[in-house]
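Starting from 1, each residue takes its place in the sequence as its number. In what follows, every heavy atom counts, from backbone to side chain, and hydrogens, waters and symmetry copies are set aside. Computed from a predicted structure; not experimentally measured.
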Amino acid sequence: MWKIGLLLLFWVLLTSGELQQEETEPERRSQPPSGKLDFGYVPQGVYQTLAYYEPGVIGILFHMVHAFLYVVQPNPFPEDLIIKVAKDKFGAVQSEYQKAIYYETGFMVCAVLGLLFMVLLPLAGLFFCLCRCCDNCGGEMHQRQRKNADCQRGLLTTLLFATSLVITAGVLCAYAANQNLSSQLKGMRRLVSSNLRDLQSFTNETPTQIDYLIAQYATAKNKVISDLDNVGPLLGGKIHEELGKDVCPAMDGALNMAGAMRETKEALENVSMSLEVLQEATGKLHFNLSLVRFSLNRTLSDPGCSDEDSDATTAQLCRSIRSSLAQLHVSANFTRLPDVNNQLESVNQLLKTDLSNIIQKGYSSFNDTPGIVSDQMRNVVEGARGMLDIIGTNISSFSKVFPVHSTMANFTNFISHTHSKIEDSYPEIDQMDFYRWICCIGLCCMVVLILAFNFLAILCGTIGYDKHASPTTRGCVSNTGGTLLMAGVGFSFLFSWILMGVVTATFLVGGNVEKLVCEPFHTKQLFKVLDTPHLVNPEWRNFIPGYMYNDSDLDLTVESLYSNCKENRGIYSAMRLDKVFNVTTFLNSSLYTKEVGKMFNDVKIDLRVIVLLESEGKQNLIGFSETGVDRINYAAYLEEVNKGVTQVDLLSYANELEAQTDLMPKGPLQTSLKGHANSLRQIHSQQVIPMEQAMSMLNQSIRLLERTASDLPNKVTDILATIEAAQYLISQNATQVVNQETEKYKQTIVGYFRQYIEWVRTSLTMEVAACKPFSNIVDTVEIVACSFLVDSLNTFWFGLGCCALFLLPSIILSVKLAKFYRRMDTEDVYDDILAYDTMTRFPRASAPPRHIDW
């Protein structure tokens, strides 16, 4: 029935796709990263078993026993010896007995001592009884009185009490181990039930997980369909982006030139208007300045300015004013500058063609690259859709070919049947455990009986003690204490060999199991022994794959299987099922990816329908370079513009004239000169300032035209050459870019399939059919066998052995102490009682005195 589980694993593998073949494809290492798909989380079963045991307080006793066993057996685990013996099927025992004896030296010494204890102590008890019957060995009811008798009595009592306490601790240790074993056996049921429930969860969740893996193919499929539906923006957008690195600068240059044409028209219009305004204004300004000069000359001819009729200051001022009249002239002469009407007419003629609109059409044509790609990829997209449906049908059909649910149902029935059998065996186990518990309690009761005699004897001896009483006059209570001590000695001889026999037998079994099984399991040395090549079968390197798959060279060991399951990895990877079931024939995804690759390899995207700049636009650009704006005499314009409107600043001249006039005496001359100053101010505000504004506009326009016209034919030629190169790239040389981006797009599409396969592989390795329940079963067996049974058994013999060993000093102390408790038949009598002199007194035996109350 255990092989039923392998059918389930076969199911898991079928859904994985071609996992191994995909790993060997070198092209995968060079593929670009594709969009990350989210397949969600594989449904996980909740395993309830907590394969961990914490013994609690009794763990202190367990550690003491382990320390004792280490002292008895400090040798390392005999891995080589066990392997050699197992390979020779115990035939090497005869040749390797020395190594076995060396390893078991500690156990053998303890066993020999135990056997000697079992044999010698009953014999010693027999001879002791015979000896006492002959009034020897303390059997004579006579006690010599000694000076330190009370001290001896107290010391013996203390030692016996301490010994009894040690024996009590030992029997409590044995009793605790006995009770712990019974209680843990009841807890074993919970562990067994929990493990079986985990197996149920394993069988219930595995089909669900497999269905989930199959269903998640829809995630990859939907993503592929989404990318195929958006092939224009995705593939065409990438092609547009790559080609745009050359196309956009060329188109931007042409669009900038169209803007320059509009700016040139505006600048020419400003130049023409400003020149016309300045030419007219210059004539008016020249006339007005001439009138002012004439008026000033006539005013300065006044008799008040002559030297004879005026004072010296006035005459001097008049001469100064007359000498400055030559500055009142127009500086710039705009009448000699040529007009720009011809250039303006040419530009206006060019602007009748909307160059910007033509360029925008080129932009629109180029920006329609995604639409062009989408139209030309329609057949490929439809073919890929059909192939996706075929792949989905094949994957879905796997769940219908094999009866995974019925197989899991059979495995579930097997688990239920096993559980019911285990449940049926519990009454027998309880009965056997009850018998065991009774036997262990009986052994403990033997020790408790002896302890009862000891403690009662000590109690009676202590209560009945009378320091004035002689050995022959001791009371009944004290005498009872002595009798109880001798009863305890008798039972000690009767029971001690039985106790030691049980201790020796359980010590040999429990100690060796602990050292040869439990400790090596924790250190994993036991796994190394089981994984030894050719151990089980001389022809098998590894016995698990050799037995299950008939391939012993497969790297599947007991340790690796246990460790992987301990880490809750999937049974697919833990049992190396990828080497057993070849799913290439069931789901060969590389065939589909190759077909998809062929579809994309046959793609021919034609971008010749894209026209960046029509011939009309090209002629317009050429015509702009021939408008003559580059032949304008910009130096002449700038020369006149850089001159002032007048040779002198009229406002400053008027202010100075008025200041000089203020120095003259008041009169008609002063008044007339101030009137001329006001006239100059009026000319400045009404004529000069507007002319300066017009000159500023003319200056800006001329400089703009100069920049635009600078090397204009070469600029236009370069723009046209760049557009021609970009057009050639699109029409004739875009194949490399198209192939490069098509390959990236194809790898993205194929990458979704590979992501799905990689996710299935990872899920199978880490999540699907997680085999934690199987490692939990092993751990549960170890907990029950080692922690429950062996540790409790070892603790039991450890406590019982302590009791058996300390019965020896208990016997000796009880015999000696009984002399001080029991009533003697005779005692020592001294002739000289008053003078306590050991040199002159002579003891003699005397019968006890008679008393009326005795």
Does [Y] offer a backbone N or O that forms a donor-acceptor pair with the side chain of [X] under 3.5 Å?
X      : Y      : result
Gln209 : Val768 : no
Asn230 : Pro233 : no
Asn270 : Leu698 : no
Gln727 : Ile610 : yes
Ser290 : His286 : yes
Asp368 : Ser364 : no
Ser710 : Glu706 : no
Glu741 : Leu235 : no

Identify which one of Val247, Thr369, Ile372 satisfies the side-chain contact (heavy atoms from CB on, under 4.5 Å) criterion when paired with His240.
-> Thr369

Run the numbers on Asp227 and Tyr752 for side-chain hydrogen bond (donor to acceptor under 3.5 Å, both in side chains), then give the verdict.
-> CA-CA 10 Å; Asp227 283 8; Tyr752 295 138; 2.6 Å; yes

If we only count heavy atoms from C-beta on, is the [X] to [Y] side-chain gap below 4.5 Å?
X      : Y      : value
Leu243 : Leu729 : yes
Leu213 : Phe39  : no
Tyr637 : Leu705 : no
Thr264 : Leu268 : yes
Leu607 : Ile239 : yes
Val42  : Trp759 : yes
Asp339 : Ser272 : no
Gln343 : Thr627 : no

All heavy atoms of Leu651 vs all of His684, minimum pair found to be N-CD2, 4.0 Å

Any side-chain donor near an acceptor of the partner, Gln736 and Gln740, under 3.5 Å = no

Could you verify whether a donor N or O on one side chain and an acceptor N or O on the other, from Gln216 and Thr219, lie under 3.5 Å apart?
-> yes

Answer yes or no: does atom CD of Glu616 have more than 12 heavy-atom neighbours from other residues, nucleotides or ligands under 6.0 Å?
-> no

Lys715 atom NZ, neighbour heavy-atom count above 12 within 6.0 Å | yes

Nearest-0.5 Å distance that lies between atom [atom1] in [X] and atom [atom2] in [Y]:
X      : Y      : atom1 : atom2 : answer
Glu724 : Ser731 : CD    : OG    : 9.5 Å
Lys223 : Asp38  : NZ    : CG    : 11.5 Å
Glu263 : Arg707 : CD    : CZ    : 9.0 Å
Lys618 : Leu613 : NZ    : CG    : 6.0 Å
Glu758 : Ser763 : CD    : OG    : 9.5 Å

Hey, are Lys284 and Glu280 close enough for a salt bridge, meaning a charged N less than 4.0 Å from a carboxylate O?
-> yes

For residues 250-262, please give each side-chain donor-acceptor pair under 3.5 Å, one per line with the distance, not counting sequence neighbours.
unit_1 : atom_1 : unit_2 : atom_2 : d
Asp252 : OD1    : Tyr363 : OH     : 2.1
Asn256 : ND2    : Asp252 : O      : 3.1
Arg262 : NH1    : Ser356 : OG     : 2.6

